[in-house]
Amino acid sequence: MNGKILIVEDEDKLAALLHDYLQQNGFEAHRLGNGLDVVAWVREHAPTLILLDLMLPGRDGIEICKDVRTFSSVPIIMVTARVEEIDRLLGLELGADDYICKPFSPREVVARVKSVLRRAGSEQTIQAEGLILDESRYRATLTGSDLELTAVEFKLLQFLVASPGRIYSRQQLMDQIYHDQRTVSDRTIDSHIKKLRKKIANVAPDVELIHSVYGVGYKFEVL
């Protein structure tokens, strides 16, 4: 999979069409039709990118974008039938990464998604000063040094970094990095965390980014 895409669109036929095109292009696509459901879903599932319609039942895309930006830097493409320049500018000023106007072709949307993800992968500096995650190459660097992470370690770090300060249980972390539902011990997460910490310490001995929360799980936080 090329990433987890959340489609927030209340037109069922359009949402289904986008879902199918994204799946065909190697993405893991999910759909939501009500604005009230979006923020909680994003917190729980940490998508790679959000296609966010401006006009939604429950809450509009502008309010949702504002809320998401308080806890996540996930790329957001605003989707709108409004062509007025003020709406386009407002969407981008709120922290959206791009916008696309209806009507559009599904191929155009897929191309725009890929473009935004390439840009995010090459430019995104994650939360902690000096930590850069390049998803296109599964490469993480800290203060300019390659952490030499495995694919699983990279996905684990990326997921934690997406929601700084949020505590995740071992089960939630396993669900994120083992999508094939394999049976693994929750101590497997402890082992991955231990290796991650060691690799971070090798590069920056005074930096602690991944913290244990006794009896609960782990979180990413710069203290």
Side-chain angles (χ1 to χ4, degrees), residues 1-35 37-39 41-42 44-57 59-69 72-126 132-141 151 154-155 158-159 161-163 176 179:
M1 287 291 180
N2 293 323
K4 184 190 300 182
I5 311 299
L6 175 60
I7 304 162
V8 186
E9 171 60 63
D10 62 323
E11 296 180 40
D12 285 340
K13 289 183 179 179
L14 179 56
L17 184 62
L18 290 174
H19 177 277
D20 291 346
Y21 264 82
L22 287 164
Q23 290 278 139
Q24 289 167 13
N25 280 269
F27 294 98
E28 176 188 341
H30 301 266
R31 296 165 49 187
L32 289 176
N34 192 304
D37 301 327
V38 178
V39 172
W41 196 97
V42 172
E44 180 69 22
H45 299 282
T48 309
L49 181 143
I50 304 172
L51 281 169
L52 180 60
D53 192 34
L54 187 65
M55 299 297 292
L56 294 163
R59 298 188 74 196
D60 66 31
I62 290 175
E63 293 178 345
I64 294 167
C65 190
K66 282 181 180 178
D67 273 4
V68 169
R69 279 291 171 260
S72 175
S73 59
V74 59
I76 298 174
I77 299 179
M78 302 290 288
V79 180
T80 179
R82 298 179 183 178
V83 295
E84 297 89 346
E85 190 65 21
I86 184 63
D87 284 326
R88 297 180 182 183
L89 291 174
L90 183 56
L92 295 176
E93 287 170 0
L94 285 170
D97 297 84
D98 202 353
Y99 66 85
I100 189 166
C101 292
K102 298 177 181 178
F104 49 70
S105 73
R107 288 187 180 88
E108 180 185 2
V109 175
V110 171
R112 197 72 67 86
V113 166
K114 290 179 178 179
S115 175
V116 169
L117 288 177
R118 280 196 300 270
R119 188 165 72 239
S122 63
E123 296 178 357
Q124 187 179 21
T125 301
I126 307 293
I132 300 175
L133 301 184
D134 182 353
E135 186 175 16
S136 65
R137 294 184 292 170
Y138 273 58
R139 184 170 183 257
T141 59
F154 180 93
K155 287 192 291 183
Q158 182 184 45
F159 181 67
V161 165
S163 299
Q176 283 298 316
H179 295 297

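If you read the sequence from its start, that first residue is 1, and numbering goes on from there. These numbers come from the heavy atoms of this one structure, side chains and all, not from hydrogens, waters or symmetry mates.
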Item checked: Minimum side-chain heavy-atom gap His45-His30 below 4.5 Å -> no

Next item on the list: May I ask you to test the Ile62-Leu54 pair for a side-chain heavy-atom distance under 4.5 Å?
Entry: yes

Next item on the list: Check whether any side-chain heavy atom of Asp53 sits under 4.5 Å from a side-chain heavy atom of Val79, and report yes or no.
Entry: yes

Notebook entry, point to check: What pair of heavy atoms forms the shortest contact from Pro57 to Gly33, and how long is it?
Noted result: CG-O, 3.4 Å

Notebook entry, point to check: Which distance, rounded to the nearest 0.5 Å, do you find between the CD1 of Ile100 and the CG of Leu52?
Noted result: 13.5 Å

Notebook entry, point to check: What are the two closest heavy atoms between Leu17 and Pro106, and how far apart are they?
Noted result: CD2-CG, 3.4 Å

Check: Any Lys/Arg nitrogen of Arg118 or Asp97 sitting under 4.0 Å from an Asp/Glu carboxylate oxygen of the other?
Finding: no

Notebook entry, point to check: Can you name the nearest heavy-atom pair linking Leu56 to Gly61, along with the distance?
Noted result: CD1-N, 4.4 Å

Check: Measuring from Thr48:OG1 to Glu28:CD, what's the distance to the nearest 0.5 Å?
Finding: 8.0 Å

Item checked: Approximate separation, where rounding is to 0.5 Å, of Tyr21 OH and Ile7 CD1 -> 13.0 Å

Margin query: Does any part of the side chain of Pro75, heavy atoms only, come nearer than 4.5 Å to the side chain of Ile50, both counted from C-beta?
Written below: no

Next item on the list: Using modelled atom types only, decide if a donor and an acceptor are shared between the side chain of Glu11 and the backbone of Lys13 within a distance under 3.5 Å.
Entry: no

Check: Hey, what do you get for CG (Leu22) to CG (Leu51), rounding to the nearest 0.5 Å?
Finding: 6.5 Å

Note to self: Restricting to non-hydrogen atoms, name the atom on Ala46 and the atom on Phe159 that form the minimum distance, rounded to 0.1 Å.
What the structure shows: CB-CE1, 3.3 Å

Checklist line | Side-chain touch Val42/Pro47, heavy atoms, less than 4.5 angstrom | finding: yes

Item checked: Over all atoms of both residues, closest heavy-atom pair of Cys65 and Ala96 -> SG-N, 4.0 Å

Notebook entry, point to check: Closest heavy-atom contact between Val113 and Phe27?
Noted result: CG1-CZ, 4.0 Å

Check: Is there side-chain contact between Lys102 and Met55, with at least one heavy-atom pair below 4.5 Å?
Finding: no

Notebook entry, point to check: With side chains defined as the heavy atoms from C-beta onward, is the minimum distance between Gln24 and Val110 less than 4.5 Å?
Noted result: no

Item checked: Nearest-0.5 Å distance that lies between atom CG in Leu6 and atom CH2 in Trp41 -> 5.0 Å

Next item on the list: Please round to the nearest 0.5 Å and tell me the distance separating atom CZ of Arg112 and atom CD1 of Ile77.
Entry: 7.0 Å

Notebook entry, point to check: Considering only heavy atoms from C-beta outward, does the side chain of Glu63 approach that of Asp60 to under 4.5 Å?
Noted result: yes

Note to self: Checking Arg31 now: which residues fulfil side-chain hydrogen bond (donor to acceptor under 3.5 Å, both in side chains) with it, not counting sequence neighbours?
What the structure shows: none

